[in-house]
Amino acid sequence: MEQANEPLWVVVGATASGKTELAIELCERHNGEIISADSVQVYRYFDIGSGKPSGADLARAPQHLIDVIEPSEPMDAARFADLAEVAIAEIRARGKRPIVCGGTFLWVRALIHGLVPAPPADPQLRARHQARALEVGRAGLHQDLARVDAEAAQRLAPNDFVRVSRALEVFELTGVRMSEWQAAHGFKRVRHVARLLGVQREKADLDQRILARCQGMLRAGWVAEAEQLLARGFGSTRPFAAVGYKQVALALQAGKAPNLAELELLIYRATRIFARRQRTWLRDQPIEWLPPGSTKL
RNA sequence: GUCCGGGUAGCUCAGUCGGUAGAGCAGUGGAUUGAAAAUCCACGUGUCGUCAGUUCAAUUCUGACCCUGGACA
């Protein structure tokens with residue numbers, strides 16, 4: 001049984017690096033259960049393209065926070081942290097060890113350090129920002145932000161609509177500047193002492209695995225899955241913006257049967273770019289890097 | 001075979017009224033505080049198809065040739 005103050009194990013790594021396999025092995029050896037930190041696998045129905053664990057995987061180790069959200073339901077890093085908090089407590093209450101595993105690193109950070117105590121997204125405000133940006137351009141919206149929060153505006157690129165809108169939203173909702181919240185917060189608080197375990201892999205090796213995974217998913221019927229999801233009206237939900245689903249939706253939109261070879265290439269490239277961003281995120285973190293297949297722990 | 005396009009960055013193409021060229025995508029690096037598989041930032045020398053001609057100067061104009069798409073035979 002896990003000691004009360006033992007660190008929370010967190011398995012990280014790029015997409016297709018083999019995080020899940022490592023996490024499952026750790027579960028088997030250390031009486032653990034997995035908490036998935038994955039911003040696509042949380043959604044129901046988006047199965048093939050998000051790489052959800054197989055039945056065999058689930059038989060080896062329970063996984064939480066997969067299939068817990070409807071595609072149209074609002075979901076964000078803070079909500080993930082809350083859900084994960086509950087799951088961790090439950091797992092520990094059962095005398096087992098929670099092991100967080102996933103590639104959505106903002107969510108992991110939110111769990112470990114918490115976020116600025118600002119309110120969640122306000123769809124009306126965001127819609128207004130969209131309209132405003134259409135009218136005066138993204139640079140115009142950025143100027144709006146500069147008028148109320150010069151510091152935040154200075155840090156953000158005028159084109160970074162998502163963050164500009166959020167900073168504006170936070171001020172409009174609370175009267176407090178985003179830059180003030182962030183300065184006060186600074187990810188200083190530690191909600192969980194974490195032990196970060198990373199799956200180390202050569203880039204060429206990872207690229208190969210990414211390609212193989214894309215091919216496998218397409219062969220497993222990804223296009224048909226996406227077609228059904230579109231038919232059910234999920235076309236404009238969050239997970240359809242995810243790597244791969246976006247490309248498949250685009251190909252289907254084009255009308256005729258998608259060119260699978262071309263689609264495979266597009267998804268492979270988008271996934272590599274994603275993996276690169278993940279690498280950047282993890283770069284300077286205090287991670288214990290383990291070679292794939294390591295059984296050290 | 002004839003006629004008309006086109007051959008410029010890894011790919012798709014723009015452009016230079018003659019002064020050796022630039023976008024998108026790809027690639028590489030970076031940022032990341034309730035959209036994060038999202039969003040954004042930075043980085044661009046390449047025999048401008050080949051050979052010759054005109055010119056101070058040709059990727060740009062002219063000619064021939066090669067390749068390629070279409071139309072006509």
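Chain A is the first sequence line, chain B the second, and so forth, proteins listed ahead of strands; every chain is numbered from 1.
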Quiz item: [X] side-chain donor-acceptor pair to [N] base, under 3.5 Å:
X	N	result
A/D76	B/A36	no
A/R163	B/A36	yes
A/R277	B/A31	no
A/R166	B/A36	no

Whole angstroms only, please: what is the [atom1]-[atom2] distance between [X] and [N]?
X	N	atom1	atom2	result
A/F274	B/U32	CZ	P	17 Å
A/F240	B/A37	CZ	C1'	14 Å
A/R269	B/G10	CZ	P	14 Å
A/D160	B/A31	CG	C1'	9 Å
A/L156	B/A42	CG	P	14 Å
A/R276	B/G27	CZ	P	6 Å
A/F46	B/A35	CZ	P	18 Å
A/Y43	B/A36	OH	C1'	11 Å

Of the nucleotides [options], which one has an atom closest to the side chain of [X]?
X	options	value
A/R155	B/G34, B/A35, B/U33	B/U33
A/T280	B/G27, B/G30, B/A36	B/G30
A/V243	B/A36, B/A38, B/G34	B/A38
A/I273	B/C40, B/A35, B/A26	B/A26
A/F187	B/U33, B/U39, B/G34	B/U33
A/R272	B/U33, B/G27, B/C41	B/G27

Which whole number of Å gives the distance between the [atom1] atom of [N] and that of [M]?
N	M	atom1	value
B/A23	B/U32	P	28 Å
B/A9	B/C43	C1'	14 Å
B/U60	B/A64	P	15 Å

[X] versus [Y], closest heavy-atom pair with distance:
X	Y	answer
A/L111	A/R191	O-NE, 3.3 Å
A/A78	A/L115	N-CD1, 3.8 Å
A/Y245	A/I48	OH-N, 3.8 Å
A/E225	A/G49	OE1-N, 3.7 Å

Worksheet item: Starting at the 5' end of RNA chain B, which residue's closest nucleotide do you reach first, A/G49 or A/G186?
Response: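 This one resolves to A/G186.
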Discussion item. Using heavy-atom distances to pick each residue's nearest nucleotide on RNA chain B, tell me which of A/R79 and A/F105 is more 5'.
Written reply: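 Result: A/R79.
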Worksheet entry | Passing option when A/T15 is tested against A/Q278, A/R213, A/R209 for side chain to side chain donor-acceptor pair (under 3.5 Å) |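 Going through the options one by one, the only one that passes is A/R213.
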According to the Watson-Crick and G-U wobble definitions, with both distances under 3.5 Å, which nucleotide is paired to [N]?
N	result
B/C17	none
B/G46	none
B/U39	B/A31
B/U12	B/A23
B/U55	none
B/U2	B/A71

Return no unless some side-chain N or O of [X] is found under 4.0 Å from OP1 or OP2 of [N].
X	N	answer
A/N159	B/U39	no
A/S39	B/A36	no
A/R138	B/C40	yes
A/R283	B/G29	no
A/R279	B/U28	no

Answer with base, sugar-phosphate or nothing: what part of the nucleic acid does [X] contact at a heavy-atom distance below 4.0 Å?
X	answer
A/G103	sugar-phosphate
A/G114	nothing
A/T15	nothing
A/A270	nothing
A/K203	sugar-phosphate
A/W107	sugar-phosphate

Fill in: A/Q63 side-chain N/O to A/I35 backbone N/O, donor-acceptor pair under 3.5 Å
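Here the side-chain-to-backbone pair does not exist.
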Worksheet item: Are A/R238 and A/Y43 in a cation-pi contact, defined as NZ or CZ under 6.0 Å from the six-membered ring centre and within 45° of the axis?
Response: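 No.
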Worksheet item: Would you call B/G34 syn or anti, using the 90° rule around 0?
Response: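 Classified syn.
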Worksheet item: Are the aromatic ring centres of A/F234 and A/F240 under 6.0 angstrom apart?
Response: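 Ring-ring flag for A/F234/A/F240: false, centres at least 6.0 Å apart.
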